[in-house]
Engineer: 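Just dropping this structure here.
Throughout, a chain's letter reflects where its sequence line sits, starting with A, and its residues are numbered from 1. Computation of the quantities below employed the complete heavy-atom set of this structure, encompassing side-chain atoms and omitting hydrogens, waters and symmetry-equivalent molecules. Computed from a predicted model, the values in this text were never measured in an experiment.
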Amino acid sequence: MEMDLEKLKKVQIELAKRVELRPFESEVRFVVGLDVSYSRKLNKMVAAAVVLSYPSMRVVEYSWSVRDVEFPYVPTFLSFRELPAIEEAFTKLKHKIDLVLVDGQGIAHPRGLGIAAHFGVEMMVPTIGCAKSHLFGKWTMPTPKRGEWTPIIENGQVIGGVVRTRDNVKPIFVSPGNLIDVENAVKWALKLSIGYRLPEPIRLADKISRRIVNEGI
DNA sequence: GCGACAG
DNA sequence: ATCTTGTCGC
């Protein structure tokens, strides 16, 4: 397969320069969650985009995209595998989106461009990365109480947070994707986490994409 | 050289 | 991510 990782690293480094970390204070009406599920036998993937109203937290719209899997899973290069699908699903939405949550890292990535940051700079929309496990940066375990969080640090800079979204449940790794800073990314990841480990937008996107795969795409 | 390594 | 049985706990 024709894929030059060194070349792609340069692409990531260039795109990372376009990430803007800044306070996020705009009014939030609609939030979207993005996630991808796979059908191993069909070699296809399904990306789902779920729109929730805020603060009512109701599903007001959702869309999806089915694509052939043409890029392998290589740690730190996840966006080249899933971005085509999640961008297509996102583009199909009719609502005007205020904030996006993506399943994966934001800037907490070796070259500062996890899938959430890559998506954020290409779509130019406020984006937060929420990963279920660690990839990059030094961190310590936060206390077991919901709302508690510890910083993910690299070169003396806070690039994200390890966030406890539920009492005594394994924390999630949150980092800015674009147009938001660490504090606001953590704040919103918590506000959108209601009763479950993952924020509602991402949890529902996972459920919907998985259902589409299991119903025969 | 060795360990780590989103989904 | 997917595959895959039972099991612990609210």
Side-chain angles (χ1 to χ4, degrees), chain A residues 3 5 8-9 12 15-16 19 33-49 64-90 100-121 127-141 144 146 152-154 159-163 165-178 182 185-186 189 194-199 201-217:
Chain A
M3 51 173 262
L5 296 183
L8 295 182
K9 283 185 181 179
Q12 293 179 318
L15 289 175
V19 171
L34 267 25
D35 190 32
V36 179
S37 288
Y38 295 83
S39 168
R40 191 168 167 174
K41 55 169 301 187
L42 297 180
N43 192 43
K44 286 178 177 296
M45 59 182 163
V46 175
W64 67 93
S65 166
V66 180
R67 313 265 304 197
D68 288 331
V69 177
E70 21 71 289
F71 197 93
Y73 168 66
V74 183
T76 76
F77 293 94
L78 176 66
S79 63
F80 295 101
R81 176 181 172 87
E82 303 188 338
L83 212 50
I86 66 175
E87 287 188 342
E88 181 170 70
F90 180 75
V100 178
L101 276 72
V102 181
D103 188 3
Q105 312 290 347
I107 62 172
H109 174 281
R111 291 166 294 285
L113 197 82
I115 187 169
H118 195 160
F119 175 89
V121 297
T127 309
I128 299 172
C130 297
K132 296 179 289 300
S133 59
H134 168 79
L135 173 67
F136 184 73
K138 297 287 295 181
W139 64 283
T140 59
M141 189 64 84
R146 168 185 159 77
I152 297 176
I153 301 174
E154 182 62 20
I159 58 176
V162 185
V163 185
T165 53
R166 285 194 66 185
D167 288 357
N168 299 77
V169 170
K170 183 199 299 184
I172 62 174
F173 295 76
V174 179
S175 59
N178 193 21
V182 172
V186 169
I194 307 298
Y196 295 89
R197 182 193 179 208
L198 296 176
I202 290 179
R203 191 179 71 81
L204 295 174
D206 173 83
K207 176 187 288 187
I208 291 178
S209 61
R210 195 189 308 273
R211 179 169 62 67
I212 293 175
V213 166
N214 294 331
E215 313 245 315
I217 304 182

Engineer: Mind checking what makes ring-ring contact (aromatic ring centres under 6.0 Å, His included) contact with A/Phe77, not counting sequence neighbours?
Structural biologist: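 Once residues adjacent in sequence are excluded, A/Phe77 has no partner under the ring-ring contact (aromatic ring centres under 6.0 Å, His included) criterion.
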
Engineer: If I take atom CZ from residue A/Arg197 and atom CD1 from residue A/Ile172, how far apart are they, to the nearest 0.5 angstrom?
Structural biologist: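 That separation rounds to 7.0 Å.
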
Engineer: Scan the side chains in residues 80-90 of chain A for donor-acceptor partners under 3.5 Å anywhere in the protein, sequence neighbours excluded, and list what turns up.
Structural biologist:
unit_1  : atom_1 : unit_2  : atom_2 : d
A/Arg81 : NE     : A/Tyr38 : OH     : 3.0
A/Arg81 : NH1    : A/Phe71 : O      : 2.7
A/Glu82 : OE2    : A/Tyr38 : OH     : 2.7
A/Glu88 : OE1    : A/Ser65 : OG     : 2.3

Engineer: Checking A/Lys44 now: which residues fulfil side chain to side chain donor-acceptor pair (under 3.5 Å) with it, not counting sequence neighbours?
Structural biologist: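 With sequence neighbours excluded, A/Lys44 shows a side chain to side chain donor-acceptor pair (under 3.5 Å) to A/Asp68, given in chain and number order.
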
Engineer: Taking Watson-Crick and G-U wobble pairs with both distances under 3.5 Å, convert DNA chain C into its dot-bracket string, 5' to 3', dots for unpaired and | for cross-strand pairs.
Structural biologist: ..........

Engineer: Apply side chain to side chain contact (heavy atoms under 4.5 Å, CB included) to A/Ser175 and list each qualifying residue two or more places apart in sequence or on a separate chain.
Structural biologist: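 Only A/Gln105, A/Ile107, A/Ala108 meet the side chain to side chain contact (heavy atoms under 4.5 Å, CB included) criterion with A/Ser175.
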
Engineer: Working to the nearest 0.5 angstrom, can you tell me the gap between A/Ile115 CD1 and A/Leu78 CG?
Structural biologist: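 It is 4.5 Å, given to the nearest 0.5 Å.
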
Engineer: Taking salt bridge (Lys or Arg N to Asp or Glu O under 4.0 Å) as the definition, give me every residue that meets it alongside A/Lys170, ordered by chain and number, with sequence neighbours left out.
Structural biologist: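 Expected list: none.
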
Engineer: Do any pairs count as a salt bridge (Lys or Arg N to Asp or Glu O under 4.0 Å) and have a residue in residues 104-115 of chain A, sequence neighbours left out, and if so which ones?
Structural biologist: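 Checked against salt bridge (Lys or Arg N to Asp or Glu O under 4.0 Å) - neighbours excluded - no pair reaches residues 104-115 of chain A.
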
Engineer: Taking 5' to 3' order, which nucleotide of DNA chain B is first and which is last to have an atom within less than 4.0 Å of a heavy atom in chain A?
Structural biologist: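 Endpoints of the contacted stretch of DNA chain B: B/dC5 to B/dG7.
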
Engineer: What dot-bracket string describes DNA chain B from 5' to 3', counting Watson-Crick and G-U wobble pairs whose defining distances are under 3.5 Å, with [ ] for crossing pairs and | for pairs to another strand?
Structural biologist: .......

Engineer: Partners of A/Asp167 by side chain to side chain donor-acceptor pair (under 3.5 Å), sequence neighbours excluded?
Structural biologist: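 A/Lys145.
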
Engineer: Quick one: which residue pairs count as a salt bridge (Lys or Arg N to Asp or Glu O under 4.0 Å) with a foot in residues 207-217 of chain A, not counting sequence neighbours?
Structural biologist: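 The answer is A/Asp206-A/Arg210.
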
Engineer: OG of A/Ser37 to CD1 of A/Ile212: how many Å apart, nearest 0.5 Å?
Structural biologist: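 That separation rounds to 8.5 Å.
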
Engineer: A/Tyr73 near the nucleic acid: base, sugar-phosphate alone, or nothing, with a heavy-atom cut-off under 4.0 Å?
Structural biologist: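 The residue A/Tyr73 makes base contact.
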
Engineer: Please list, in 5' to 3' order, the outermost nucleotides of DNA chain C lying under 4.0 Å from any heavy atom of chain A.
Structural biologist: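 Contact span on the strand: C/dA1 to C/dT2.
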
Engineer: I want to check something: taking the side chain as every heavy atom from C-beta on, are A/Ser39 and A/Val69 in contact at a cut-off of under 4.5 Å?
Structural biologist: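 A/Ser39 does not reach A/Val69 side chain to side chain.
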
